[in-house]
Novice: 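My structure is below; once you've seen it, I'll send some questions.
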There are 2 protein chains.
Amino acid sequence: METDLHQAITASGLRMTRQRQVILDVLRQSHGHLDAEALHDRVRQQDPRISLATVYRTLALLKEFGLVQEHRLGEEHGHFEAAPQAPHYHFTCLKCRKVIEFQASSVQRVVREVAAKESVQITDVHLLLSGYCADCSREGVEGNHET
Amino acid sequence: METDLHQAITASGLRMTRQRQVILDVLRQSHGHLDAEALHDRVRQQDPRISLATVYRTLALLKEFGLVQEHRLGEEHGHFEAAPQAPHYHFTCLKCRKVIEFQASSVQRVVREVAAKESVQITDVHLLLSGYCADCSREGVEGNHET
DNA sequence: ATTGAGATTGAAAATAATTCTCAATATCAA
DNA sequence: TTGATATTGAGAATTATTTTCAATCTCAAT
């Protein structure tokens with residue numbers, strides 16, 4: 001039950017608890033994105049006593065440590081996933097709501113362009129594309145929006 | 001008080017109301033991003049009777065018509081702005097929370113790359129970069145995260 | 001191993017953001 | 001002008017998340 005997280009946590013004067021370990025483990029074993037509720041359900045299978053509040057608290061902590069990232073995939077509640085090895089981005093189908101994760105080497109070019117033009121230092125990139133997946137690709141399309 | 005919106009709305013069997021017009025007008029006159037509460041405050045200056053529920057309802061409607069876009073700039077509540085002429089994206093400073101809007105021609109390259117590789121049709125692009133602005137650029141940086 | 005300071009937890013209440021209910025009102029096609 | 005019905009305001013309801021606080025657990029120092 002000793003992990004990289006254990007080191008990082010205790011080095012910060014914090015404490016490694018069973019709850020924190022279980023939550024990170026479940027998150028790492030879960031491919032795709034879970035919202036806090038779904039994560040709580042899975043965590044409970046390992047230990048039924050872990051509360052939803054602890055799930056939220058631990059997610060916030062893991063985010064600070066860079067072990068978890070939160071996404072807002074166009075919805076009103078957050079989705080979380082263990083930090084991936086290689087950066088990747090998301091596409092959401094407006095019709096079937098399917099989420100496709102992808103990598104795109106050209107993103108790095110955008111980062112460089114913006115960092116130079118705006119004189120900023122970029123540490124995080126969230127790219128969310130939406131539209132219609134191959135299966136749903138068809139008629140009812142809307143105008144284009146951007147962020 | 002006749003507008004493009006009026007045409008679009010009535011053509012859909014819906015009705016153009018004073019409230020809807022005021023909300024869109026305020027949004028268009030407001031540069032930057034307003035959250036629902038801030039928008040409501042400004043709307044009230046035009047007409048104190050307009051309720052927050054109507055602001056939310058109208059925002060949802062305007063989004064459907066592509067006249068407004070919603071962003072989740074790393075916060076738990078949405079921000080809204082009138083749909084811009086040219087697509088643009090956002091950078092948020094992790095320290096001072098300042099939001100910089102920018103355009104980046106290289107984004108189109110990413111869109112093409114992904115559309116081709118994943119066989120999807122892309123209608124919306126949300127790109128949110130974060131890091132440190134020129135002013136805040138300094139020590140305490142974290143690991144890199146991506147979406 | 002034991003201890004104790006204080007970090008963490010569960011449970012429930014609190015807050016924040018957004019949506020819904022419903023009776024009253026306003027819009028617009030006829 | 002009128003009637004069918006879309007829309008509104010007010011507040012209740014819902015959903016997502018955070019906070020409170022007493023009880024419990026962790027870990028560095030015995």
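Lettering of chains follows the sequences in order, A, B, ..., and the numbering in each one begins at 1.
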Novice: Tabulate atom names and distances for all N/O pairs under 3.5 angstrom spanning the protein and nucleotides 26-30 of chain C.
Specialist:
| from | atom 1 | to | atom 2 | distance (Å) |
| --- | --- | --- | --- | --- |
| C/dT27 | O2 | B/R15 | NE | 3.3 |
| C/dT27 | O2 | B/R15 | NH1 | 2.7 |
| C/dC28 | OP1 | B/M16 | N | 3.3 |

Novice: In terms of the angle between their ring planes, are A/H88 and A/H90 parallel, tilted or perpendicular, with boundaries placed at 30° and 60°?
Specialist: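 Aromatic pair A/H88/A/H90 classed perpendicular.
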Novice: Taking the side chain as everything from C-beta on, heavy atoms only, tell me whether B/L14 gets closer than 4.5 Å to B/R20.
Specialist: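 With C-beta onward as the side chain, the pair touches.
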Novice: Which pair of non-hydrogen atoms, one from B/F80 and one from B/L27, has the smallest distance, and what is that distance?
Specialist: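 In terms of heavy atoms, the two residues are closest at O-CD1, 4.1 Å.
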Novice: For the atom pair CZ (B/R28) and CG (B/L62), what is the distance rounded to the nearest 0.5 Å?
Specialist: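 So the CZ of B/R28 and the CG of B/L62 are separated by 8.5 Å.
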Novice: Has A/R72 got a side-chain N or O lying under 4.0 Å from the OP1 or OP2 atom of D/dA16?
Specialist: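 Answer is no, no contact under 4.0 Å.
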Novice: For residues A/V120 and A/V114, report the shortest heavy-atom separation together with the two atoms involved.
Specialist: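 Scanning both residues, the minimum pair turns out to be CG2-O, 4.3 Å.
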Novice: Output the residues of residues 33-51 of chain B in contact with DNA chain C, where contact means a heavy atom of the residue under 4.0 Å from an atom of the strand; sort by number or write none.
Specialist: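 Within this stretch, nothing sits under 4.0 Å of the strand.
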Novice: Side chain of B/E70, heavy atoms from C-beta onward: which of C/dT18, D/dT17, C/dG10 has the nearest atom to it?
Specialist: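 My answer, after comparing the listed nucleotides, is C/dT18.
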Novice: Base, sugar-phosphate, or nothing: which does B/R20 touch, judged by heavy atoms less than 4.0 Å apart?
Specialist: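 Counting heavy atoms under 4.0 Å across all strands, the contact made by B/R20 is with sugar-phosphate only.
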Novice: How close do A/L59 and A/A36 get, heavy atom to heavy atom, and via which atoms?
Specialist: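 Closest heavy-atom pair between A/L59 and A/A36: CD1-CB, 4.4 Å.
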Novice: What integer distance in Å separates B/K63:NZ from C/dT19:P?
Specialist: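 After rounding, the reported distance stands at 7 Å.
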Novice: For A/E113 and B/S105, which heavy atoms make the closest approach, and how far apart are they?
Specialist: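 Result for this residue pair: OE2-N, 3.3 Å.
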Novice: I need the minimum non-hydrogen distance between B/K98 and B/D135, along with the two atoms involved.
Specialist: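 Of all heavy-atom pairs spanning B/K98 and B/D135, the closest is NZ-OD2, 3.3 Å.
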Novice: On the 0 to 90° scale, with breaks at 30° and 60°, tag the A/H71-A/H33 ring pair as parallel, tilted or perpendicular.
Specialist: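 Correct class here is perpendicular.
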Novice: Check the phosphate of C/dT19 against B/Y56, side-chain N and O only, distance under 4.0 Å to OP1 or OP2. Yes or no?
Specialist: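 It does not, given that no N or O in the side chain of B/Y56 lies less than 4.0 Å from OP1 or OP2 of C/dT19.
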Novice: For the side chain of A/T54, counting heavy atoms from C-beta on, which of C/dA17, C/dT9, D/dT17 is nearest?
Specialist: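 For the A/T54 side chain, the nearest candidate turns out to be C/dT9.
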Novice: Could you give the angle between the helix axes at the two ends of the helix from C/dA1-D/dT30 to C/dA30-D/dT1, with five pairs per end, rounded to 10 degrees?
Specialist: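 It works out to 40° between the end axes.
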Novice: Search all heavy atoms of B/C133 against all heavy atoms of B/C93 and return the closest pair with its distance.
Specialist: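 What the structure gives for the nearest pair is N-SG, 3.4 Å.
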